[in-house]
Amino acid sequence: MGALRFHLRGTFDRLRCYRHIMAVLMKYGFGEVAGALRSRLSIRLGEKTGPAQVRPAVTTGSRPVRVRLALEELGPTFIKLGQLLSTRPDLVPPEYLMELERLQDQVPPESPEKIMAQLQQELGDRVENIFAQFDEMPIAAGSIAQLHRAVTKDGVHVAVKVRRPGIVETIRAECEILQDLSGVLHKTLFEHETIELEEMVAEFTAAVTKETDLANERRNQLRFMRLFADDPAVHISTVYEDYCTPGVLTMEYIDGIKPTNKQAIEESGLDGRILAQRGAQFVLKQMFEFGFFHADPHPGNFFLLPDNVLAPIDFGQVARLSVQDRRFFNDIVLSIVDRDASQIVRSLERDDMLAETTDIHKLTVDIEQLIDTYHDFRLKDIPFGMIATQTFDLFRHNHVHPPTQFTLMLKSMMTIESMATSLDPEFRLIEALKPYAQRSSLRDFEPKQVLRNVRKAVQGAGEMASRLPDDINAVLTKFRQGKFQVRVHHEHLETLTKTLDKSSNRISFALIIAALLVASSLLVAQDGVVLGLISFQTMGILGYIIAAIIGIWLVISIIRSRHI
């Protein structure tokens, strides 16, 4: 009975959420989406699923602006979805990107009582028994967790990230609703766009589920600590694992300057030129040397420390690059620098990124035009961010589908270039980028790498050779048993079969007419009676009549088919 009450309560809560979504959609002028969603829910939950008619409150502004406003009113989960969409310029048109990038994850902090209860539940003891001091007022609050300053019993100043109570269940339920909503939105709001909302929602669900697990963020941060342990230009805050759980992350408190605070940077004597270079190297080193990178390197996720040291924070969003991803990126970058459009097309074809609808000639021409735009630029004057934006537009218009990690890589570099140029207006990312890409390409020809590739190739050939007798035996066994089948798919084969059937039928009728005419001619010349009932001449005449009828019908059918 308790389970039934829980199920009914969940159904009513979800219905209330759907009604709120439909009301917001109608408010911002997306009545067609709300109507489609209402129709879908009416089939499942009954007629009274939608809200009362809501007059659109926002009748001005472009559709992208109204999309942003609707997402902001729908709350944190929808804001996070919009933020994810803003990282996919390969799928989202520029006018939507501009608005989605303005979305801010601003959520009121949880009450101190709930946070203290959550901490006690996670850490297994009262907060005052664990920390010498704990500030109940958060220094930052997000939709998933909030950050508090504290001091351990050993006197260490720490930042404690606490997951909001009940957020895991809330996000799980809202992601299920988003799955429902994505199909409706794709058919109505984005019908003529290249956005694959169902795929994006699935990706978002996986990403936000990881983000709710602070143990995953702890593992990422520990990995970055190891990777940059010997780099004096980067400081990763220490993780205190004795104070960590899947719902709590305790780390060193960083007291630094934000990259956006230009006045504080000048007063502290920090060098913007050095900081810009180090910011770019921090990101590029991850991508080209580690294959594992911070996927959200915006200014809010950095602190600046004395001696021009960078202190990145928030390691919940990371991405991994395969060797193939890095090789593809190297090819693209070096092809742009060397102005070789055909090499870019070959790379796209090799990695199976072109759709069936892609026009190779048009794609090549578009790439050549893009490269020619910057033909007379010096390397240091080439704006990487602008090239990346135009590349995404080119991909979208030519139905090119690059890997998600490649898109995140370019987006991260665009973000770090923006931060770096705010610190040093003369900074150009492409100058810092080319040496990394060249070294990464040359690494494929290093003796160790060559030997490793040869060993893999020989190993693969050996495995194939060892399996060959068994494979041949299996094929021969199927032959002997009569089970070997060859399936051939040919487009328009059904039409061809119908045409052949029709032609063979006409040929058959023509042969029948010819046979009737020959037989009738022989019978007409004969005297006699068959079975004492009908004469040979009469049978011959009947044969002529039947042949004439069939012949006329055959001529009419040929004329009607317009294939004489």
Side-chain angles (χ1 to χ4, degrees), residues 80-81 83-92 97 100-101 194-211 213 216-217 219-221 223-224 227 280-298 301 312 314-336 344 346-355 384-385 387-389 391-396 398-418 429-430 432-433 436-437 439-441 443-444:
K80 280 195 168 294
L81 175 63
Q83 290 172 337
L84 174 66
L85 287 169
S86 73
T87 67
R88 298 302 305 272
D90 58 319
L91 300 176
V92 182
L97 282 176
L100 295 176
E101 286 173 350
T194 57
I195 303 175
E196 294 293 341
L197 268 183
E198 293 93 338
E199 179 184 334
M200 289 297 300
V201 169
E203 182 182 326
F204 166 75
T205 301
V208 78
T209 301
K210 281 187 177 179
E211 201 172 340
D213 181 9
N216 180 66
E217 182 175 347
R219 289 189 293 270
N220 293 337
Q221 190 161 337
R223 183 171 180 179
F224 273 96
L227 292 174
Q281 289 169 7
F282 168 72
V283 171
L284 297 176
K285 190 174 184 180
Q286 296 169 57
M287 294 175 177
F288 289 94
E289 295 185 14
F290 306 146
F292 175 82
F293 65 96
H294 194 302
D296 194 21
H298 65 78
N301 282 338
D314 196 353
F315 299 91
Q317 297 182 38
V318 298
R320 292 165 178 81
L321 296 170
S322 66
V323 174
Q324 182 179 353
D325 290 333
R326 280 179 277 178
R327 184 179 294 117
F328 171 68
F329 183 74
N330 293 343
D331 290 345
I332 295 295
V333 171
L334 295 177
S335 298
I336 291 175
I344 296 177
R346 286 194 296 272
S347 298
L348 295 171
E349 288 182 306
R350 182 193 64 209
D351 292 338
D352 196 25
M353 297 181 194
L354 303 183
F384 177 84
I387 287 182
T389 300
T391 299
F392 284 131
D393 290 342
L394 184 149
F395 282 178
R396 193 170 57 255
N398 287 278
H399 309 290
V400 178
H401 304 295
T404 301
Q405 308 298 353
F406 171 79
T407 304
L408 289 175
M409 180 195 291
L410 279 188
K411 180 66 175 178
S412 295
M413 286 194 285
M414 292 168 64
T415 303
I416 200 65
E417 183 191 41
S418 176
L429 182 65
I430 202 160
L433 176 61
Y436 279 96
R439 282 200 301 270
S440 184
S441 296
R443 196 176 296 124
D444 291 337

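Residues Thr415 and Pro297 share a closest heavy-atom pair of CG2-O, 3.5 Å. Annotation for Arg320 and Val318: closest pair NH1-CG2, 4.1 Å, computed over non-hydrogen atoms. Contact record, Ser86 with Leu100: CB-CB, 3.7 Å, taken as the closest heavy-atom pair. Of all the heavy atoms in Arg223 and Phe292, the pair that sits closest is NH1-CD1, 3.4 Å. In plain terms, the two heavy atoms of Leu354 and Leu348 that are nearest each other are CD2-CB, 3.8 Å. In terms of heavy-atom proximity, Asn216 sits nearest to Gly316 at ND2-O, 4.4 Å.
Of the inter-residue distances, the one linking Lys210 atom NZ with Gln317 atom CD reads 11.5 Å to the nearest 0.5 angstrom. Atom CD of residue Gln83 and atom CZ of residue Phe204 lie 9.0 Å apart, to the nearest 0.5 angstrom. A distance of 5.0 Å separates CD1 of Ile387 from CD1 of Ile430, quoted to the nearest 0.5 Å. Atom CG of Leu410 and atom CZ of Phe395 lie 8.0 Å apart (nearest 0.5 Å). Rounding to the nearest 0.5 Å places CE of Met353 at 8.5 Å from OG of Ser347. Expressed to the nearest 0.5 Å, how far NZ of Lys411 lies from OG1 of Thr404 amounts to 14.5 Å.
Salt bridge status for Arg396 with Asp393: present, with a side-chain N to carboxylate O gap under 4.0 Å.
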Side-chain donor-acceptor pairs of residues 281-288 under 3.5 Å, sequence neighbours excluded:
unit_1: Gln286; atom_1: OE1; unit_2: His294; atom_2: N; d: 2.7
unit_1: Gln286; atom_1: NE2; unit_2: Phe282; atom_2: O; d: 2.7

Assess whether side-chain contact (heavy atoms from CB on, under 4.5 Å) is satisfied between Gln405 and Met409, documenting all intermediate values.
CA-CA 6 Å; Gln405 308 298 353; Met409 180 195 291; over 6 Å; no
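Counting only distance, with no hydrogens or angles, the side chain of Asn301 and the backbone of Asp296 share a donor-acceptor pair below 3.5 Å.
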